[in-house]
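Working notes for the structure below.
First the proteins, then the strands, lettered A, B, ... as listed; each starts at 1.
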Amino acid sequence: MTLTDVDLLEARLVPPRRPGRWISGAVTLLLAAMLAHTLLTNSRFQWGEVGHYLTESSIVGGLELTLWLTAATMSTGFVLGVVLAYLRLWGSPIPRGFAFGYVWLIRSVPLLVQLLFWYELASLYPKLSVGVPFGPSFGTADTAHLFSGEVAAFITLTLDVAAFSSEIVRGGILAVDRGQSEAAAALGLGRLRIFWRIVLPQAMPAIVPATGNLLIGTLKSTSLVSVIAVVDLLYSVQLIYNANFEIVPLLLVATIWYVILTTLLSIGQRAIERYYARGEGGGR
Amino acid sequence: MNAVEEPLLRIRGLRKSFGAHTVLHGIDLDVPRGGVTVLLGPSGSGKSTLLRCINRLEKPDAGYVALGEEIIGYRPGPAAGGRVRVLRELREREITRQRARIGMVFQQFNLFPHLTVLENLIEAPVALRQASKSQAAATARELLERVGLAGRESAYPKQLSGGQQQRVAIARALALKPELLLFDEPTSALDPELVGEVLRVIRDLAGGGMSMIVVTHEIGFAREVADTVVFLDGGRVLESGRPEDVLGGATHERTRAFLEAVL
C-alpha cells in the first residue's frame, strides 16, 4: 500500500484509543454511584435530622465562633509571621536567633498540647503582675480570670499560625531574585521599604497557595478548642449529641459546614492568586 | 584628565576577597567629574566587584571610596593630633542616602516586575522624599521621553523588549538625579539588534556631561565615548589612560591579548 499526498491530506484526524481511560472512568463512576446509593438509602444517616440541625441556633452560634476564631488568629498570626520572617532573614543576630528559636519551639510542640498549656497557665502562674522586672509591681491579676478558654484558644492558634506562616513567607522571599533587592538598595531604598514594597509583593504568588492551605488547616484546627469547652462548631454539635445520642447526623452537620467554609475559602484563594499574577504579561 | 580639578570619585587601596579568593588587590582610581570611564578586562578581573564596592552593594575589606567630600560607608572620627584615627561605619539610613547619589544600571535590568514603568521610576524619589508623587511622575515622564519611551508609563516590564527594559532602568537610575552613574555590562543580556538603542542612550548621557563608569565589552563604544579607559586584570589596574592610548598602543601583553580576543 502506498501513501499518496492526496490520501494523507484528505484523511480524517482521529484521537488515539485510550481503553485505560474508559475502564478507570467506569470504575470511578461505579464507586461514586455506590457511595451515593449508600448515603441515600442507609436510614442511619438520618438526613432528616441533619436538615433539622443544620441551622439550629446553638450550632449557628458555634459556627460564628469558629469563623471569628479562624479570622482573628489567621490575620494576627500572619502579620506576626511576616515580622518573624523579616527578622529571620534581615534582622540583626539576636532577633534572628529569637525568630529561629520561636519557630523551632512552636513547630515542635503539638497544637493540642500548647492549647492545654495556655489553658492551664493559671496552675503554673496563679497571678500575673505588671511591673519592673525583678523589681516592684504596679498591678496584679488572677491568671484564671485572664485566660478564659477563648483567650487560650486565640493565643495558641495565633502563635501557631505565626510560626507556620513565617516559614511560608520566608520560603516565598527566598524565591525572589536577589537582583531585586540589590537594585532597590542601589536606588537608596531602606531595608524595610525594600521588604515591604519590592520583595514581599513578588513573593506573594509563592506565599498565597501555601497560606490558603494553612488557613484551611487553621479553620479545622479550631475544632481542637472543643477539648477546653470553648463552644465552637464541633463542640456545639457535641453538646447536642451528648444529650440525644444522634452522633452521626450531628457530625454530618459539622462536616457540611466545614466543607462549605473550605469551599468558600478556596474560591477566595483563587481570586487572590489572580490578583498577584498581574504584571506577568497577560496572566496565567 | 584635567590634573588641577578635584576628581568626582576617588578610590584608594580598595581590596575585596570572597573567602580565600581575592578579587580586588588594592585598586587606586580617579574618576573625573563629567567624564566617561570605561572599565575593560577579562571576566573574573574584578570589574563588577569594583563597581559594586563603589555604591557599597559589596563591603570592601580595606581601602576606601570617596564621592566628592564624603567617604562611602564611613564618617571620619574627630582628628587627634592632626590626624584622623577612626573611620566609623555609617548606619544603614546614611548609607542609603549616599547610595541615592550614585545611580546603577544592571546587566539583568532588575526592573520591579510587579510595578508599572512609571511606578518603577517614582518609587525611589517618593520613598526618599525627594519629590511629591506628582512631581516625581512629571520628572519620570520627561526621563521616559529622553530614553525614547514616551507613552509607555503604564506598561509592565515584561511587556517590553530587553532594550526597552534597559532604557527604563537607565531612566529609573536618572530619576534620583545622581552625581554618578554606574553601568554593569548594560548590553550583555541583550539580543544583538537591541544593543544599539541602549548604547545610543548612554552616548546621549555622556554628551550631556553625565559622570559615568561603564563596565562593558563593547570596545567600539569604549573607543568612541570613553574619556578614560581602565584595563583591569586579576584584580589590579593594569593600565589606564585615554582610549586611543590604551586601545591603540597597549603596553601590557595581557591588555593586547584581551583586545585581540574581543575585537
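Residue B:F18 qualifies as enclosed at atom CZ: its count of foreign heavy atoms under 6.0 Å is above 12. Within 6.0 Å of the CZ atom in B:R75, the count of heavy atoms belonging to other residues, nucleotides or ligands does not exceed 12. Annotation for B:E145: atom CD does not count as buried by contact number, only 12 or fewer foreign heavy atoms lying within 6.0 Å. Heavy atoms from other residues, nucleotides or ligands lying under 6.0 Å from CZ of B:R203 number more than 12. Atom CH2 of A:W68 has more than 12 heavy atoms from other residues, nucleotides or ligands within 6.0 Å. The environment of CG in A:L264 is crowded: more than 12 heavy-atom neighbours from other residues, nucleotides or ligands sit within 6.0 Å.
Distance CD/B:Q108 to CZ/A:R178: 14.0 Å, rounded to 0.5 Å. Between A:I198 atom CD1 and B:N120 atom CG the span is 7.5 Å, to the nearest 0.5 Å. Taking CD from A:E182 and CZ from B:R52, the interatomic distance works out to 4.0 Å, rounded to the nearest 0.5 Å.
No other option in B:M104, B:R172, B:R56, B:Q98 has as many heavy-atom pairs under 4.5 Å with chain A as B:R172.
Proximity to chain A (any heavy atom under 4.5 Å) is shown, for B:F112, by both the backbone and the side chain. Heavy atoms of B:L111 lying under 4.5 Å from chain A belong exclusively to its backbone. Looking at B:I95, there are no atoms closer than 4.5 Å to chain A (heavy atoms on both sides), in backbone or side chain.
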Show your working on side chain to side chain contact (heavy atoms under 4.5 Å, CB included) between A:D177 and B:N110 and close with a plain yes or no. CA-CA 9 Å; A:D177 180 22; B:N110 292 350; 4.1 Å; yes

Using the side chain to side chain contact (heavy atoms under 4.5 Å, CB included) rule, take B:E123 and A:R193 through it: C-alpha gap first, then chi angles, then the decisive distance, then the call. CA-CA 10 Å; B:E123 175 66 24; A:R193 176 105 184 178; 2.8 Å; yes

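Scanning for side chain to side chain donor-acceptor pair (under 3.5 Å) contacts around B:E179 gives B:R101, with sequence neighbours left out.
The shortest heavy-atom contact between A:Q202 and B:P113 is OE1-CG, 3.2 Å. Contact record, B:H114 with A:R197: NE2-O, 2.8 Å, taken as the closest heavy-atom pair. The two residues A:G190 and B:T96 have their closest heavy-atom pair at N-CG2, 4.1 Å.
Proximity of a side-chain donor or acceptor of B:N55 to a complementary backbone N or O of A:A186 within less than 3.5 Å is not detected.
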